[in-house]
Amino acid sequence: MEAWKARLVRSWPCVASAALVLLAFPPFNLGLLVFVALVPWLISLRQTNGRQAWKSGYFFGLLMGLGQLYMLGTLAYNWTGSVLVGLLPWLLASFAYGVYFGLTGVLISKCFARGWFWLIPIVWAGVEVFRSYIPVFAFPWGILATPLWPLTPVVQSAHYGMIFLVSAWAVTANLAIAMLMEGEGYRRVRPLFWAFGLVTLLSIYRYSQPETGKKFTVTAGQPGVDLAFGPAKTRNEDLRATIQPILDKADKDGTQLVVLPEGIADARRMPPTTPFVPGKAPLLVGAPRGFEPTYQSALGYERGWKFVDKTRLVIFGEFVPGRDRFPFIAAALKLPTGDMSAGTEGTKSMKIAGITVGPVICFEGLFPDIAYRQALNGSQLLAVISIDDWYLGTMAPDQLRALSIWRAIETGLPLVRSASLGYTLITDGKGRVLAQAPVKEARSLHEELILPERSPMSPAAAAFPVGALAIAIVMLLIPRQRRGGRELQAG
């Protein structure tokens with residue numbers, strides 16, 4: 001009994017912090033908790049050795065995974081009809097998710113032990129970068145800054161260091177509070193307040209800059225048809241009934257570009273077949289393209305068809321690693337037969353309607369580097385085309401919406417997001433939502449945007465995430481410094 005009491009005493013800080021972080025995310029949306037949620041856990045990590053820090057971090061990450069990744073279980077259950085099969089991917093992904101935070105706990109504890117507390121926000125961001133780009137299993141989900149997207153005036157620092165810099169900014173606030181609560185004097189903690197204030201001022205400066213460029217009208221269509229679990233027999237008729245009026249209205253409104261979701265055309269043979277007749281306005285829409293290999297592609301129509309292929313594929317959705325070696329896994333999960341292929345020409349933009357558009361195809365919207373490359377390609381507008389229907393009823397569509405808005409903030413480019421059931425929205429280059437359609441309804445959004453000649457984003461925006469990753473790796477290799485007496489006083 002005493003042993004269990006001791007474990008409870010040791011574990012409550014990471015439980016409390018995990019619960020507070022989850023409350024910041026959808027469906028609770030208490031985003032301001034991000035600035036204080038980590039305080040209990042950070043305080044507890046000051047008094048741990050490496051092994052204890054790993055256990056604490058892993059448990060924190062496991063709880064985060066269970067709260068953040070349950071949409072995988074919902075998807076698997078809806079797909080297979082089996083509760084057991086639904087639980088399996090959720091639990092496996094959550095246990096894997098814990099590893100990242102185990103590493104984070106070790107790094108934070110090591111920073112405290114060496115007295116390098118000011119590095120903690122950077123190593124946190126470094127682990128976020130690592131889990132966002134680890135080969136095959138990259139999944140930038142539950143990034144700490146994600147719930148802060150509505151605070152547009154103070155999160156513009158993402159333009160200079162991507163979403164990871166905003167996460168580090170939020171961790172800085174948590175760390176300053178934790179150290180003050182532990183009895184550290186203001187003089188010692190002052191550099192953290194200075195760093196937090198300077199990043200905030202940088203954001204406000206960026207937000208205050210006027211938008212310049214040419215006016216451009218765009219329509220985002222939301223068909224309101226379930227492309228995941230709706231009846232396949234009537235799908236084309238349902239799409240025709242909702243999309244054709246959207247296109248006709250766009251022509252009447254004088255729209256210069258119409259953006260429609262992924263998956264409502266078939267380009268396995270070119271020219272593609274569509275359940276609608278394109279109107280006068282140039283059109284961007286998503287579809288599978290080609291046979292063996294098959295690609296997910298953004299198709300542009302303007303006096304003929306052109307395409308850009310998706311480069312980031314969904315694991316277990318668009319490809320199954322080890323399918324040949326473990327065919328029973330694909331069979332048990334009723335996964336699609338055959339894998340799709342990633343585009344071989346890298347991230348490409350598309351010239352259409354007299355401008356350069358950066359297509360971001362569904363899953364690609366999670367990754368800052370896709371929008372970053374589109375910005376460097378000279379894109380003037382980002383177009384996210386998506387199917388979120390698989391996850392409706394979970395918090396996933398809300399987080400997918402948020403991540404799309406972060407891509408606009410990072411690049412400084414206006415963004416159009418079109419999804420079959422939602423969220424469909426239009427933002428300006430600072431991530432301010434100009435229009436949003438209610439989910440599950442057939443709607444079209446029509447907005448006049450200001451398009452820059454090219455993205456104001458600098459290639460140097462990649463310096464912070466790359467540097468944070470490098471520092472996290474170096475810290476992992478540096479041996480832990482031991483001290484006599486109270487080792488983790490942060491000296």
Side-chain angles (χ1 to χ4, degrees), residues 12-25 30-48 53 56-57 60 64 101 104-129 142-149 151 153-158 160-205 464-465 467-468 471-472 475 481 486-491:
W12 81 260
C14 72
V15 173
S17 285
L20 290 171
V21 173
L22 290 173
L23 286 172
F25 279 79
L30 303 176
L32 291 175
L33 286 177
V34 162
F35 294 110
V36 297
L38 299 177
V39 170
W41 189 41
L42 289 173
I43 291 174
S44 72
L45 287 173
R46 294 189 73 178
Q47 301 172 24
T48 56
S56 178
F60 175 91
M64 284 287 294
F101 290 94
T104 304
V106 169
L107 289 171
I108 291 173
S109 176
K110 190 179 289 189
C111 288
F112 275 135
R114 286 188 163 269
W116 298 345
F117 62 88
W118 43 271
L119 269 181
I120 289 172
I122 297 175
V123 298
W124 178 285
V127 177
E128 286 193 338
V129 175
I143 300 298
L144 185 66
T146 304
L148 298 177
W149 66 267
L151 307 179
V154 293
V155 296
Q156 297 296 314
S157 56
Y160 303 102
M162 302 187 186
I163 190 174
F164 308 111
L165 178 56
V166 184
S167 283
W169 175 67
V171 173
T172 301
N174 282 270
L175 180 61
I177 295 169
M179 293 185 69
L180 287 175
M181 290 181 67
E182 278 286 271
E184 297 285 357
Y186 171 74
R187 186 174 181 180
R188 181 167 175 76
V189 180
R190 185 167 52 191
L192 297 176
F193 286 101
W194 275 105
F196 185 86
L198 287 172
V199 173
T200 305
L201 289 175
L202 182 65
S203 289
I204 294 172
Y205 167 77
F464 177 79
I471 289 170
M475 279 300 299
Q481 179 171 307
R486 201 175 165 198
E487 178 194 6
L488 297 170
Q489 185 63 33

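Residues take their numbers from the sequence shown, with the count starting at 1.
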Does T146 use its side chain to pair, donor to acceptor, with the backbone of G142 at less than 3.5 Å? no

Taking every non-hydrogen atom, the tightest pair across M162 and P465: SD-CG, 4.2 Å

Would you say the side chain of L38 lies within less than 4.5 Å of the side chain of V171, judging by non-hydrogen atoms? yes

Could you tell me how the ring of W124 sits relative to the ring of W41: parallel (under 30°), tilted (30 to 60°) or perpendicular (over 60°)? perpendicular

Taking OH in Y205 as the centre, count heavy atoms belonging to other residues, nucleotides or ligands within less than 6.0 Å. Is the count above 12? no

Counting N and O atoms only, with roles assigned by atom type, does the side chain of S109 sit under 3.5 Å from a partner on the main chain of A53, one being a donor and the other an acceptor? no

So do the side chains of L32 and L151 get within less than 4.5 Å of each other, counting heavy atoms only? yes

Steps toward side chain to side chain donor-acceptor pair (under 3.5 Å) verdict (S44, W12): CA-CA 9 Å; S44 72; W12 81 260; over 6 Å; no

Evaluate Y160 against F464 for side chain to side chain contact (heavy atoms under 4.5 Å, CB included), listing each step before the verdict. CA-CA 8 Å; Y160 303 102; F464 177 79; over 6 Å; no

Taking all heavy atoms of E182 and all of Q47, pick out the closest pair and write down the distance. OE1-NE2, 3.5 Å

Any T200 side-chain heavy atom under 4.5 Å of W169 side chain: yes

L202 vs Q156, test: side chain to side chain contact (heavy atoms under 4.5 Å, CB included). Steps then yes/no. CA-CA 8 Å; L202 182 65; Q156 297 296 314; over 6 Å; no

So, does S157 use its side chain to make a donor-acceptor pair with the main chain of V166 at under 3.5 Å? no

Check whether S167 reaches the backbone of A145 with its side chain - one donor and one acceptor, N or O, closer than 3.5 Å. yes

For P147 and G31 the tightest heavy-atom approach is CB-CA, 4.0 Å

Contact check, side chains of R188 and F117, non-hydrogen atoms, under 4.5 Å: yes

Looking at every heavy atom in both N174 and A37, which two are closest together, and how far apart are they? OD1-N, 3.1 Å

Please lay out, stage by stage, how F164 and I143 fare under the test side chain to side chain contact (heavy atoms under 4.5 Å, CB included). CA-CA 8 Å; F164 308 111; I143 300 298; 4.3 Å; yes

Hey, what do you get for CG (L175) to CD (E184), rounding to the nearest 0.5 Å? 10.0 Å

For L148 and A170, work out which heavy atoms get closest and say how close. CD1-CB, 4.5 Å

Can you tell me how far CG of L20 sits from CZ of F35, rounded to the nearest 0.5 angstrom? 14.0 Å

Any side-chain heavy-atom pair of V123 and W116 under 4.5 Å: no

Do F112 and I120 have side-chain heavy atoms sitting under 4.5 Å apart? yes

Heavy atoms only: give me the nearest C14-F60 pair and the separation to one decimal. O-CD1, 3.5 Å

Between W194 and F196, is the side chain to side chain contact (heavy atoms under 4.5 Å, CB included) condition met? List the steps. CA-CA 5 Å; W194 275 105; F196 185 86; over 6 Å; no

Please answer whether the main-chain N or O of L144 pairs with a side-chain N or O of E128 as donor and acceptor at a distance below 3.5 Å. yes

Any side-chain heavy-atom pair of S56 and L45 under 4.5 Å: yes

